[in-house]
Student: 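I have a structure I would like to understand better, so I am pasting it below and will then ask my questions one at a time.
Note on naming: letters A, B, ... go to the chains in the order of the sequence lines (proteins, then strands), and numbering restarts at 1 for each one. As the structure is a prediction and not an experimental result, all values here were calculated from the model.
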Amino acid sequence: MNNCLDCKIKSAAVKTLTSDELQNLGNNCAQVYFKKGDIIFKEGAFSSNIIFLRSGLVKIHIAGPAKNQITKITKAPSFLGIPTTFNEKINHYSATAIEPTSVCFIDKDIFKDFIFKNGKFAYEVIVEICSSELSSFEKCVNRTQRNIHGRLANALLTFAEDIYGKDEFEMPLSRVELGNFVDTSRESVCRILTEFNNDKLIRLNGKSITILNRESLEAIRLYG
DNA sequence: GCATTAACCACAG
DNA sequence: CTGTGGTTAATGC
């Protein structure tokens, strides 16, 4: 069993729990490590857990009519699978680690119990779901109204700013995955990436990307 | 019409 | 898996 009482990586929701509740949580969760590429849960499979992403990076993806699509990239700390576990018997999407990742599997019933009995806990869960829904609205607009250059520039800036917090990072996605993420073909991703590189907007070296000209990328994100 | 854009295909590292 | 070049269909001017 886990010792959740002394865990340093608590979600905002879990921070509201009492010692008794934390004890209870520890008795009903399990900590697991995943390597890059490991599937954390799979679309179509039976689901009975809420998953807390303690550290690492995860892609959420859905099998569409034509191909697999990456819906979002989720960084720690956050809950995975709330929409797919609550009131659903099977997962409606998959989650795969794209970096070494540590998660806690939490029994769905205990999670529900906290929601019923602890209003602050429920509130923090709602806050997280709200911000997630907002970002999915934004992604919807981005996808529809930006051209490919804009979408890719947006993705690169998102990785640099929101995910890694620095201008130099290793792109955890392959070109194909990047295409699935920004809704384009892998060829276009390759082309535009080398274009950005040639124009000195980024330095590209395989998977390693450095943002060189943030202003221009931001302009491209806005105007394509 | 003509130009542009981006997907699809094919082939080579 | 990546990078490129050629071709093609759709769209805008």
Side-chain angles (χ1 to χ4, degrees), chain A residues 32-45 53 55-76 80 91 93-103 135-224:
Chain A
V32 184
Y33 293 94
F34 290 98
K35 295 192 298 288
K36 181 181 170 75
D38 284 347
I39 298 169
I40 297 170
F41 58 83
K42 197 170 163 45
E43 184 175 349
L53 181 60
S55 65
L57 203 60
V58 166
K59 66 168 178 176
I60 304 297
H61 48 115
I62 303 184
K67 61 187 171 191
N68 200 42
Q69 178 153 1
I70 298 179
T71 308
K72 69 183 291 196
I73 307 286
T74 304
K75 68 170 178 176
L80 301 177
N91 290 317
Y93 53 83
S94 305
T96 302
I98 54 176
E99 279 185 0
T101 286
S102 157
V103 309
S135 62
S136 102
F137 288 168
E138 276 163 23
K139 192 163 193 285
C140 179
V141 176
N142 288 341
R143 185 173 59 230
T144 316
Q145 298 189 13
R146 296 190 204 282
N147 67 7
I148 299 185
H149 286 72
R151 296 205 295 276
L152 204 54
N154 187 39
L156 295 177
L157 289 168
T158 303
F159 274 104
E161 288 164 10
D162 300 341
I163 296 176
Y164 293 112
K166 53 185 175 192
D167 284 346
E168 188 174 4
F169 58 90
E170 292 289 311
M171 170 54 66
L173 301 177
S174 73
R175 303 291 135 114
V176 174
E177 288 175 313
L178 206 44
N180 293 341
F181 182 49
V182 301
D183 308 301
T184 188
S185 64
R186 82 158 216 290
E187 289 95 328
S188 295
V189 172
C190 284
R191 266 188 204 110
I192 293 164
L193 243 30
T194 54
E195 227 177 272
F196 284 171
N197 185 53
N198 293 338
D199 294 344
K200 304 273 185 271
L201 302 177
I202 62 172
R203 188 184 311 121
L204 183 65
N205 191 357
K207 299 245 176 204
S208 141
I209 293 176
T210 310
I211 308 284
L212 295 178
N213 189 338
R214 178 182 297 257
E215 289 72 29
S216 301
L217 277 178
E218 281 168 357
I220 289 171
R221 149 156 82 178
L222 283 176
Y223 308 111

Student: Under 4.0 Å from any atom of DNA chain B, heavy atoms only: list the residues of residues 140-149 of chain A that qualify, in numerical order.
Tutor: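 The answer is A:N147, A:I148.
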
Student: How would you list, by chain and number, every residue that makes a side-chain hydrogen bond (donor to acceptor under 3.5 Å, both in side chains) with A:N213, sequence neighbours excluded?
Tutor: A:S216

Student: Which atom pairs link the protein and nucleotides 4-8 of chain C when you take only N or O atoms and keep those under 3.5 Å?
Tutor:
unit_1 : atom_1 : unit_2 : atom_2 : d
C:dG5  : N7     : A:R191 : NH2    : 2.9
C:dG5  : O6     : A:R191 : NH2    : 3.1
C:dG6  : O6     : A:R191 : NH2    : 3.1

Student: Report the distance from atom CD1 of A:I73 to atom CD1 of A:I98, rounding to the nearest 0.5 Å.
Tutor: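 The CD1 atom of A:I73 sits 4.0 Å away from the CD1 atom of A:I98.
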
Student: Could you pull out all residues at least two apart from A:Y93 that satisfy ring pair (Phe, Tyr, Trp, His ring centres under 6.0 Å)?
Tutor: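 Only A:F41 meet the ring pair (Phe, Tyr, Trp, His ring centres under 6.0 Å) criterion with A:Y93.
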
Student: Any side-chain N or O of A:K207 under 4.0 Å from OP1/OP2 of C:dT2?
Tutor: yes

Student: What pairs with A:Y164 under ring pair (Phe, Tyr, Trp, His ring centres under 6.0 Å), at least two apart in sequence or on another chain?
Tutor: A:F169

Student: Could you work out, with side chain to side chain contact (heavy atoms under 4.5 Å, CB included) as the rule, every residue matching A:D38, not counting sequence neighbours?
Tutor: A:F34, A:K35

Student: I'd like to check the side-chain hydrogen bond (donor to acceptor under 3.5 Å, both in side chains) partners of A:D183; sequence neighbours left out, ordered by chain and number.
Tutor: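 With neighbours one apart ignored, the set is A:Q69.
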
Student: Walking along DNA chain B from 5' to 3', note the first and the last nucleotide with an atom under 4.0 Å from a heavy atom of chain A, and give both.
Tutor: B:dA6 to B:dA10

Student: Not counting sequence neighbours, which residues clear side-chain hydrogen bond (donor to acceptor under 3.5 Å, both in side chains) with A:S188? List them please.
Tutor: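 side-chain hydrogen bond (donor to acceptor under 3.5 Å, both in side chains) list for A:S188, sorted by chain: A:S185.
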
Student: Considering residues at least two apart in sequence or located in another chain, which fulfil the side chain to side chain contact (heavy atoms under 4.5 Å, CB included) criterion with A:S94?
Tutor: A:K42, A:E43, A:H61

Student: Give the rounded distance in Å between these two atoms: CD of A:E177 and C1' of C:dC1.
Tutor: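 That distance rounds to 11 Å.
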
Student: So, using side chain to side chain contact (heavy atoms under 4.5 Å, CB included) as the criterion, who are the partners of A:N154 when residues are at least two apart?
Tutor: A:N142, A:R146, A:T158, A:R221

Student: Ignoring hydrogens and angles, write down the donor-acceptor pairs under 3.5 Å from the side chains of residues 198-207 of chain A, residues two or more places apart or on other chains.
Tutor:
unit_1 : atom_1 : unit_2 : atom_2 : d
A:N198 : ND2    : A:T194 : O      : 3.3
A:K207 : NZ     : A:L173 : O      : 3.4

Student: Without decimals, in angstroms, what is the distance between A:L204 CG and C:dT2 P?
Tutor: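 Between P of C:dT2 and CG of A:L204: 11 Å.
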
